[in-house]
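No experiment lies behind these values; they were computed from the predicted model shown.
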Amino acid sequence: FGTLGYFKYADFGLENARAVFALFGVSVELPRLDLLLPIGLSFHVFQSFAYVVEVLSGRIAPCRNFVLYALYVSWFPQLVAGPIERPERLMPQLARIEGTKDGFATRLPHAAALFAEGWIRKMAADVISTTADVFFDAPAGASSSDAVFGIVAFGLQIYGDFSGYSRMAQGASHALGVDLMENFNRPYWARSFRDFWRRWHISLSTWFRDFVYIPLGGSRSGPARERVNIVATMLLSALWHGAGWTFILWGAMHAAFMVLESMTRPFWRWAPAAVTRPLVWVAVFLAWVPFRATDFGSVVECYRALGNGGWAPPTLAFVFGATLLVLVDVFRVPLVAPDGVPAPGVRE
């Protein structure tokens, strides 16, 4: 984690240190490191940490083969964007990988289907991105419809891009005889904010649940402590996504959503999906604004644009990309786990 902190957050820390000194009228020359982030560093660190914890807790035996361990830490299809695999699931598959050569031809059609689905998702994300870029590049002069479609477009873009990469990684891995876990399970069909995080970037959500939220006490010490743990977990998750205050704002918004849900559990338990789903949609898409915006000023301008007035239909690119994402979600290719049952994280 020290390595991750140095490469990913050193410049962020130095910038904020300069700002604090300037606040007190002290001019301090602190260097800007401009470090190049090693490829896949966050995933290296998270998978290595999971291995250490699982071994120390006695849940898995230590790996005595360094090549196998290195392959687990740096399994190339999911190295850049996940899913973040656990050692008890990935390492046994990698240990048997020599014996999977004969089944390559049999697996190839399904692997190609998974990879193609991922490519379609990423293509849809690229098509939609033009609508998002037009709005976020100049939100001050946008109409209300530009703001609505621009914000929704980015929410769909990041989903298509991220889930598409995961699908392509799953397809490439399946061809080699390794089945990765499900990482997205129709997150925009969630009925609550907790449900959203059970469906969005599942491998990361479960990592933070198991290694941050539960060790902090989870919900075992009463509602007040549970809500503190939720806030701490979401803020750390936000920092993992990016070194910037806008990312922290995004995490704080989701923490607020989940704390509010914790305080109003009966409503979320008994309200029909026709009521709760639109609430989740509106909140989650509005929260994408600080994730995409470059600074707080831009965040404010984006939200203000919602009230600028003016309405026009969406572009053909937006309609095509959004429709394609919906269709690919409805008719998605199922994952095939090594034992023939749905992969962990799948909730049909």
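- At a threshold of 4.5 Å between non-hydrogen side-chain atoms, the residues Tyr188 and Phe196 count as touching.
- For the pair His254 and Trp197, the minimum side-chain heavy-atom distance is below 4.5 Å.
- Atom CZ of Arg227 sits about 9.5 Å away from atom CG of Leu260, to the nearest 0.5 Å.
- No side-chain donor from either of Asn183 and Trp200 sits under 3.5 Å from a side-chain acceptor of the other.
- Side chains of Gln47 and Gln78: a donor on one and an acceptor on the other come within 3.5 Å.
- Nearest heavy atoms, Trp288 versus Gly155: CD1-CA, 3.6 Å.
- Considering only residues two or more places apart in sequence or on other chains, Arg32 meets the salt bridge (Lys or Arg N to Asp or Glu O under 4.0 Å) condition with Glu15, Asp34.
- The side-chain heavy atoms of Leu204 and Phe46, taken from C-beta on, include a pair separated by under 4.5 Å.
- If you check the side chains of Asp146 and Ser143, you find a donor sitting under 3.5 Å from an acceptor.
- Inspection of the Trp250 and His241 side chains reveals no N or O donor paired with an N or O acceptor under 3.5 Å.
- Shown here for Gly321 and Ile128, the closest heavy-atom pair between the two residues is C-CD1, 3.4 Å.
- Side-chain contact, Ser144 with Asn308: no donor N or O sits under 3.5 Å from an acceptor N or O.
- For the residue pair Arg332/Asn185, the side-chain donor-acceptor check at 3.5 Å is satisfied.
- Counting only heavy atoms from C-beta outward, the side chains of Arg191 and Val280 never approach each other to under 4.5 Å.
- Other residues, nucleotides and ligands contribute over 12 non-hydrogen atoms within 6.0 Å of the CG atom of Leu56.
- In this structure, Phe43 CZ and Trp207 CH2 are separated by 11.5 Å, a value rounded to the nearest 0.5 Å.
- With values rounded to the nearest 0.5 angstrom, Ser237 atom OG is found 4.5 Å from Phe208 atom CZ.
- Of all the heavy atoms in Met181 and Leu335, the pair that sits closest is C-CD1, 4.0 Å.
- If you take OH on Tyr303 and OG on Ser298, they are separated by 10.5 Å, rounding to the nearest 0.5 Å.
- Ring centroid separation for the pair Phe149 and Phe135 does not come in under the 6.0 Å cut-off.
- Under a cut-off of 6.0 angstrom, the local environment of CZ in Phe320 is sparse, with at most 12 non-hydrogen atoms contributed by other residues, nucleotides or ligands.
- With a 4.5 Å cut-off between side-chain heavy atoms of Ile, Leu, Val, Met, Phe, Trp and Tyr, the cluster of Val134 takes in none.
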Name each donor-acceptor pair under 3.5 Å that joins a side chain in residues 156-163 to protein atoms two or more places apart or in another chain, with its distance.
residue: Tyr159; atom: OH; partner: Arg121; partner atom: NH1; Å: 3.3
residue: Tyr159; atom: OH; partner: Asp329; partner atom: OD1; Å: 2.7
residue: Tyr159; atom: OH; partner: Asp329; partner atom: OD2; Å: 2.9
residue: Asp161; atom: OD1; partner: Lys122; partner atom: NZ; Å: 2.6
residue: Ser163; atom: OG; partner: Arg121; partner atom: NH1; Å: 3.1
residue: Ser163; atom: OG; partner: Tyr159; partner atom: O; Å: 2.6

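- Under the 4.5 Å side-chain criterion, counting only non-hydrogen atoms from C-beta, Leu306 is in contact with Leu286.
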>> Set out, in order, the CA-CA distance, both residues' side-chain angles and the distance that settles side chain to side chain donor-acceptor pair (under 3.5 Å) for Thr276 and Trp268, then state yes or no.
In response: CA-CA 7 Å; Thr276 59; Trp268 296 95; over 6 Å; no
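- Using a 4.5 Å heavy-atom threshold, the side chains of Arg89 and Glu85 count as touching.
- The CZ atom of Phe193 sits 10.0 Å away from the CE atom of Met253 when rounded to the nearest 0.5 Å.
- Of all heavy-atom pairs spanning Pro77 and Ala169, the tightest one is O-CB, 3.2 Å.
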